[in-house]
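Only one structure is covered here, and it is reproduced in the block below.
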Amino acid sequence: MEIRTRFAPAPTGHLHVGGARTALFNWLLARKSGGSLILRIDDTDRRRSTEESFIGILDTLRWLGLGWDEGPESGGDFGPYRQSERFDLYAAAAGELESGGHAYRCYCTAEELAERRKPALDGSVGGYDGRCRELAAAPAGRSDYVLRFAVPLEGEVTVTDVIRGEVTFDLSTIEDFVIQRADKTPTFSLAGAYDDWAMGITHVVRGEDLLPVTPRQILLSRAFGRSDDPVFAHLPLIVGADRAPLSKRHGDVAVGWYRDAGFVPEALVNYLALLGWGPEGESEILALADLVEQFRLESVSRTPAMFDLKKLDWMNNHYIQSLAPERAVERALPFLRAEGLLDDPPSEREMDVISRALPLVQVRIDRLSEVPQMIGFLLGAPEIDSGSWSKVMAHEWAHGLLTSMVEVLGKLDTWESEPIGDALKGVAAEAGVKARLAFGPLRVAVSGTSIGPPLFESLEILGCDLATERAAIALSLLEAHGPELPDGRWPLGSR
RNA sequence: GCCCCCGUCGUCCAGCGGCCCAGGACGCCGCCCUUUCAAGGCGGUAACGGGGAUUCGAAUUCCCCCGGGGGCACCA
């Protein structure tokens, strides 16, 4: 039988990393088995659901490279795929449950329920006590009611979970839960169970937080007449550094944040796959195709996984390194633009500089957002970083060396990195200064900082005129102030 | 309070009764390479929550304890 999985987000905010991982695992299971992934939008809560969130979630899934076989925008035989468009179906299902004796009307008000729940705080009572179960008619003066599922008083339900084995719940611990609100809208329990049945979902893969609620789904699903329970798989939670479930408290949980921070989707997907699962081989660098090949739902871990930004950075660096030059440029452009380093549209010179400089820094950055600080000095006049300045200019030979370097560069007849390097190395050797120290002053003089792409290549891209102009500015600053620049901004020229 | 899940290096993942004085990855430390910073190469640090039981033998099985987490809404 074909495997049908689903990812069913509630459009009440941004897609966050936990949701993205759930989507990924569902996607992997579908792809691996040759089955289908259904994207269903669980927007039964009309108050909290927004169109903006809906669109954002779709965009984010696409950015991650996780497409769906059935769902919004792609259609399918089991639609519609937004629960808000299926309310009539749920109402009919609820009606049948009621007439079949599986559900009953409860007239208790929210206030009454809250009042009765209070004692539960000190442990004396559980949830709803089922008092409306045997009601023959509506109590006087009451017309509003919710529909509750009549949970059998005795027996147990066993959830078969691929990851956790069989988990058994005693029915006496499950209260008669609400399946339809007073306004006749369905609750998550009803709509979810109904759709998983009606859409032919065979595998329900979701977060561990839904495990305690699974017996409800099974009960409902059987009441609908579904003969076989779906296969469940409850993924371990993703937690923050404090071991608490990842939430906005931990700062950056929205996938969109990672996109904006300069992470590439390949890296994020690869990293997410490693949260709760691991390959058998030793390499953890796995493209989607590799993941499809190696992934096994059965081998997903049961332990909560901590989100480790350091490892994500490492992985992102790896993927940025392996980006083809044109791809790297394409992806870096938005970050350069955001820093105001480019004309709109970028000039020919700018594009030339970027495409020459980017390959030099791909290996040196963890995130695309670092591109501007890395190559910005090639696009416009940088300001001197005083820390870098004092470090490299403190040597007594700094001034002399810088002077000779400028002189030598001016005599070059081919402005290419190799002759530039040879000439500069010659100057350093002559002065008897070790290479690792000798180029510091010139580097800061042309780029403003001691961190950046290789110097000789940088000089080539910068061009002779700009390089010597900046070096001259640096020289005069050195003469005027020495290695300690007064507080303030010290731009290296105006272009 | 009640129900449920979980517990191996700082972190993620291996380990399914002997191959484990526990393996890989990230991080960290050191060395090498080196025009900065990275990257890369090599090496190192570091863990089976505690107690019982079963067994010739337990990280691996069972029980108890401890610890962490989830759920108990007219949210999903």
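Lettering follows sequence order; numbering is per chain, from 1. Because only heavy atoms are used, hydrogens play no part in the values below, and waters and symmetry mates are left out as well, while side chains stay in.
Residue-level contact check: A:Gln321 touches the backbone only, with heavy atoms under 4.0 Å from sugar-phosphate atoms and none from bases. Counting non-hydrogen atoms under 4.0 angstrom, A:Gly276 reaches the backbone sugars and phosphates but no base. Counting non-hydrogen atoms under 4.0 angstrom, A:Val213 reaches a base of the nucleic acid. At a threshold of 4.0 angstrom between heavy atoms, the contacts of A:Ala435 are confined to the sugar-phosphate backbone, with no base atom among them. Residue-level contact check: A:Leu210 touches the bases, meaning some heavy atom is under 4.0 Å from a base atom. Across all strands shown, A:Gln373 has no heavy atoms under 4.0 Å from either base or sugar-phosphate atoms. Contact annotation for A:Pro454: base contact, defined as any heavy-atom pair under 4.0 Å involving a base atom. Looking at heavy-atom distances under 4.0 Å, A:Ser172 makes no contact with the nucleic acid at all. Base contact: A:Arg443 has a heavy atom under 4.0 Å from a base atom. As judged by a 4.0 angstrom heavy-atom cut-off over every strand, A:Ser388 is placed among residues making no nucleic acid contact. Contacts of A:Val146 with the nucleic acid, taken as non-hydrogen atoms under 4.0 Å apart, include base atoms. Contacts of A:Gly452 with the nucleic acid, taken as non-hydrogen atoms under 4.0 Å apart, include base atoms. Using a 4.0 Å heavy-atom criterion, one finds that A:Arg48 contacts the bases of the nucleic acid, with or without backbone contacts as well. Base engagement by A:Pro453 is indicated by at least one non-hydrogen atom pair under 4.0 Å involving a base atom.
Between A:Thr173 and B:C2, a side-chain N or O to OP1/OP2 separation shorter than 4.0 Å is absent. Dashed line: the shortest gap from a side-chain N or O of A:Thr449 to OP1 or OP2 of B:C37 is not under 4.0 Å. The side chain of A:Arg148 places an N or O atom within less than 4.0 Å of a non-bridging phosphate oxygen (OP1 or OP2) of B:C74.
Residue A:Arg243 places no side-chain atom within donor-acceptor reach of the base of B:U11, judged by atom type and a 3.5 Å distance cut-off alone. A donor N or O paired with an acceptor N or O is not found under 3.5 Å between the base of B:G23 and the side-chain atoms of A:Glu282.
Heavy atoms of other residues, nucleotides or ligands lying less than 6.0 angstrom from CD of A:Gln321 number more than 12. The number of heavy atoms from other shown groups lying within 6.0 Å of NE2 (A:His395) is above 12.
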Checklist entry - side chain to side chain donor-acceptor pair (under 3.5 Å) between A:Tyr258 and A:Asn316: does it pass, once the steps are laid out? => result CA-CA 11 Å; A:Tyr258 291 87; A:Asn316 205 46; over 6 Å; no
Next on the checklist: Under the criterion salt bridge (charged side-chain N to carboxylate O under 4.0 Å, His left out), I'd like the reasoning laid out for A:Asp42 against A:Arg206: C-alpha separation, chi angles, the key distance, then a yes or no.
Outcome noted: CA-CA 13 Å; A:Asp42 280 12; A:Arg206 70 220 315 194; over 6 Å; no
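Using N1 to N3 plus N6-O4 or O6-N4 for Watson-Crick, or N1-O2 and O6-N3 for G-U wobble, each under 3.5 Å, B:C33 pairs with nothing. Base-pair partner of B:C72: B:G1 (Watson-Crick or G-U wobble, both distances under 3.5 Å). In this entry B:A53 has B:U61 as its Watson-Crick or G-U wobble partner, both defining distances falling under 3.5 Å. Applying the Watson-Crick and G-U wobble criteria (two distances, each under 3.5 Å), B:C16 pairs with nothing in any strand. With a 3.5 Å ceiling on both atom-pair distances, the Watson-Crick or G-U wobble partner of B:C66 is B:G7.
With distances taken from any side-chain atom of A:Ala305 to the nucleotides B:G7, B:C12, B:U36, the minimum falls on B:C12. With B:C74, B:A25, B:C72 as the candidates, the nucleotide lying closest to the side chain of A:Thr187 is B:C74. The side chain of A:Leu455 sits closest to B:U35 out of B:A14, B:C6, B:U35.
When the options A:Thr44, A:Asp195, A:Thr187 are evaluated for a side-chain hydrogen bond (donor to acceptor under 3.5 Å, both in side chains) with A:Tyr90, the one that passes is A:Asp195.
A distance of about 7 Å separates the C1' atoms of B:C29 and B:U45, rounded to the whole Å. Taking atom P in both B:G18 and B:C42, one finds a spacing of 31 Å when rounded to whole Å. Taking the P atoms as reference points, B:G50 lies 15 Å from B:G67, given to the whole Å. Taking atom C1' on both B:C12 and B:G27, the two are 11 Å apart, rounded to the nearest angstrom. Nucleotides B:G41 and B:A58 have their P atoms positioned 40 Å apart, rounded to a whole Å. Rounded to whole Å, the separation between the C1' atoms of B:U8 and B:G24 comes to 13 Å. Using C1' as the reference atom, B:G23 and B:C48 are 13 Å apart when rounded to the nearest Å. Taking atom P on both nucleotides, B:G49 is separated from B:C9 by 7 Å, rounded to a whole Å.
In this structure, the side chains of A:Ser404 and A:Trp397 stay at 4.5 Å or more apart for every pair of heavy atoms. Between A:Pro279 and A:Leu274 the shortest side-chain heavy-atom distance falls below 4.5 Å.
Projected onto RNA chain B by closest heavy-atom contact, A:His318 and A:Phe307 fall at different nucleotides, the more 5' of which corresponds to A:Phe307. Nearest-nucleotide mapping onto RNA chain B: of A:Phe169 and A:Lys311, the residue sitting toward the 5' end is A:Phe169.
With respect to the salt-bridge test (charged N to carboxylate O, under 4.0 angstrom), the residues A:Glu370 and A:Arg364 do not qualify.
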